[in-house]
Amino acid sequence: MAQEKSALTTWNQRVPPAYEAAVALAGTLFSAILLLLTATHAGPLWRDEVNTANVAQMPSLRELWNNLPCESFPPLWHLVLRGSEAIGLPGSDFAIRILGLGVGLLILVSMWLCARWMGCRAPILTVGLLGSLPAFVFIAGSNRAYGLAACLLVLSFGMVWRVVEAPSRTRILAAGVVCLLYALCVYYDVVLLAAVLAGGAAVALRRRAWKTLAALVGIGAVSAGSLVVYLPIVRQGTAYVPLWQVPFFWWGTLWGRFGEAVTARSSGEPGGRGPEIWVWLAMVATGLIVAMVSQWVAKDDGGWRVEDGSQLKRKKEKLERKGRTSDIEGGGHGERPVRVLGLQEGITTGQGSAPTDCAAERGADAAARRPYRRMADRALFCCVSMVLGMAGMFAFLYRLHYVTYSWYYLPILLVCGISLDGILGANWPVLRPWGLLRIGFMLVMMAWDAQPGWQEAHTRRSNVDLIADLLNQKASAGDLVVVTSAWEGITFQRYYHGATAWVTVPPVESHLVHRNDLVIRDMCQKAPLAPVLDAITNALRDGHRVWMVGHMSDAPTKRPPACPPVRYCAIYFDYWDGQVSETLRDNALRERDWEVSAGEPVTWWENLPVAEFSGDRGGPSLARAEGQSVAR
């Protein structure tokens, strides 16, 4: 008894002072300020955000459902947008930014909740790694489902651990609801949910807690089963997957993109991979080593069988009826030791026999090891979740063969951050040196990311609204506006309301959502740009101007095959842009580049130039030449 009390007292004295939590709170406050600045400076929606807003604002739920193949995730976030409008929040850009701010702040709150559930004083490592990271600042408040998915992922992680640690009906039900909502946010995030549940199952298997294991399996089955209704939508969307699959894709592509996601560089300054990826890899490796050491420290030759909460309650009541103390660890003849959480007396053997010296020694040793067993269980849960989550997501992204961006990697970064808090924070609470190292690490990382994070918070998401204002003032009724991509046409339609005619490349009829089917149709035509090229030459011949919105290619590349199996669409867009450029060079006399000043940085994803072409050189019509070549 004295040995156990000494062990528990020593453990409790290792709780770090409150100023570790105060430092983490200061970092969280700085992150919240960045999210607030993002909401006020992000400005207009960019093309993917416009697509999401248009799907959410469909006239009816049936039309919303019919347009889900044009979106990247299930309708949960769209329903949140519709619900916000139903309660009086308008669908304007600023209102959507305020809603995104709320989601971003909820992510920070969920970090703290998860940390407390895991036994940490504060999410100091998660905040240090992600709090001021430009990718996190960009994604958290965007009008996409990724911010809400990040919040639910963190909550799912913490709630699954609560079920594993001390299962109850309330905890199982709460975890089931949150995991279900998380599965309905983004299709592929079910991979990470499976990893988190696998981490909980690993602990339950080692404890032989079969009811807990069954509860985790049930949560996973319900969450996965909820996606069955979306199988027709996913099947329809898979027909468009080859449009975005890079022909020469290998593991190095993912390595480079992941490195860009963790690099301290704002989206207004595109660039390569920075050294931050090595910091992340070092932290993950440290966490894995500490997790393995925790398993070795807590190893016991006899093994443990931990009973479920209902079994513990019945055992306690039975012992109390027999007049014994409720704080007992014991086992019958031929049984493996049974650990009853929170019990502090010795070990009884047989049918109520008194504790023997050997049993008492084993009980004292078990009591001394109990904190380390909790450490080992927590480390095992975090380690399995992190390793399987990273392996599963990278395998999925490799199989996808997409040109990935930062939002694909945010779930991986979150799982790594909260897992490292569980392994290096909750399991090593002593202040000197571990607490001081955590504080120093957070301060260094947030200082490293502060300047690019601050710049990201002041970066506009698009300049198409400014281009639309320029054209409203400068373009006349007989001019022609050519937007060099059908995707930017979605943003242009939201902000341009002038009288000048405009077309996109290729000339798709609908610019409300991403119509991949119309792009595939044009890829299968032999001269899809003939109407656009004729409109350009006619406008110049009639003395009007042609306004080019977007980046222009040089000369057309080799003609891609018509009516191919669906393939990477970039080669077609490059060829079409080259045709437009050649037509303008052959027919226009003058070119003028207009400066669109935003007064602050603009993200490179939608920072478009504007050029004005005028005069008639009398050159050949590329559209007619192409049509004759096709006819021959």
Side-chain angles (χ1 to χ4, degrees), residues 47 239-249 253 270 401-403 405 464 480-492 501-511 514-540 546-588 591 593 604-613 617 619-632:
R47 56 181 179 270
Y240 309 137
V241 168
L243 281 175
W244 310 106
Q245 288 185 320
V246 182
F248 303 102
F249 191 95
T253 307
H401 274 50
Y402 274 16
V403 178
Y405 299 102
V464 173
L480 176 67
V481 178
V482 180
V483 181
T484 59
S485 172
W487 316 128
E488 276 81 13
I490 296 176
T491 315
F492 191 78
W502 64 280
V503 294
T504 61
V505 178
V508 298
E509 295 83 8
S510 175
H511 301 288
H514 291 311
R515 294 294 303 272
N516 294 315
D517 56 328
L518 298 181
V519 173
I520 293 177
R521 179 206 63 187
D522 287 342
M523 290 169 60
C524 292
Q525 293 181 3
K526 295 183 177 180
L529 251 61
V532 177
L533 303 181
D534 281 337
I536 290 174
T537 55
N538 292 335
L540 294 174
V546 174
W547 300 83
M548 294 297 301
V549 177
H551 300 280
M552 299 175 59
S553 301
D554 295 329
T557 57
K558 180 181 178 181
R559 181 196 297 273
C563 296
V566 179
R567 61 183 64 191
Y568 191 41
C569 64
I571 57 176
Y572 290 85
F573 278 92
D574 289 342
Y575 178 74
W576 293 333
D577 289 344
Q579 285 186 298
V580 173
S581 299
E582 185 175 4
T583 299
L584 288 170
R585 284 196 305 270
D586 291 343
N587 291 274
E591 177 183 355
D593 295 326
W604 69 271
W605 282 305
E606 203 164 271
N607 186 14
L608 306 182
V610 181
E612 172 194 349
F613 294 86
R617 192 187 298 273
S621 171
L622 186 60
R624 289 193 293 271
E626 185 181 59
Q628 293 170 3
S629 175
V630 169
R632 287 195 295 268

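Worth knowing before you read on, the calculation uses all heavy atoms, side chains too, and leaves out hydrogens, waters and symmetry mates.
- Asn587 pairs in a side chain to side chain contact (heavy atoms under 4.5 Å, CB included) with only one of the listed residues (Leu533, Ile536, Thr537, Asn538), which is Thr537.
- Ring pair Phe573/Trp487 is tilted by interplanar angle, where 30° to 60° counts as tilted.
- Between Val546 and Leu584 there is a side-chain heavy-atom pair separated by less than 4.5 Å.
- The side-chain contact (heavy atoms from CB on, under 4.5 Å) search around Val503 returns Leu480, Val482, Val532, not counting sequence neighbours.
- Qualifying side-chain hydrogen bond (donor to acceptor under 3.5 Å, both in side chains) partners for Asn607, counting only residues two or more places apart in sequence or in other chains: Asn463.
- In this structure, Thr491 contributes its side chain and Arg47 its backbone to a donor-acceptor pair below 3.5 Å.
- When the side-chain hydrogen bond (donor to acceptor under 3.5 Å, both in side chains) test is applied to Trp547, the partners found at least two apart in sequence or on another chain are Asp479.
- Between atom CE of residue Met552 and atom CZ of residue Arg585 there is a gap of 7.5 Å, rounded to the nearest 0.5 Å.
- Scanning all heavy atoms of the two residues, the minimum distance from Asp593 to Glu591 falls at OD1-OE2, 3.6 Å.
- Evaluation of the side-chain contact (heavy atoms from CB on, under 4.5 Å) rule for Asp522 yields Pro506, Pro507, Val508, Gln525, Pro528, Trp576 as partners, not counting sequence neighbours.
- Remark: of the listed residues Val549, Val505, Leu608, Leu608 is the sole one forming a side chain to side chain contact (heavy atoms under 4.5 Å, CB included) with Glu488.
- The ring-ring contact (aromatic ring centres under 6.0 Å, His included) check on Phe613 picks up nothing, with sequence neighbours excluded.
- Applying the side-chain hydrogen bond (donor to acceptor under 3.5 Å, both in side chains) criterion to Thr253, with sequence neighbours excluded, gives no partner residue.
- Relative ring orientation between Phe492 and Trp502 is described as perpendicular, the plane-to-plane angle rising above 60° on a 0-90° scale split at 30° and 60°.
- In this structure His511 satisfies the side-chain hydrogen bond (donor to acceptor under 3.5 Å, both in side chains) test with no other residue, sequence neighbours excluded.
- Across every non-hydrogen atom of Glu509 and Leu518, the tightest pair is OE1-CD1, 3.7 Å.
- Under the 4.5 Å side-chain criterion, counting only non-hydrogen atoms from C-beta, Arg617 is not in contact with Asp586.
- With sequence neighbours excluded, the residues satisfying side-chain contact (heavy atoms from CB on, under 4.5 Å) with Val246 are Phe249, Val403, Tyr568.
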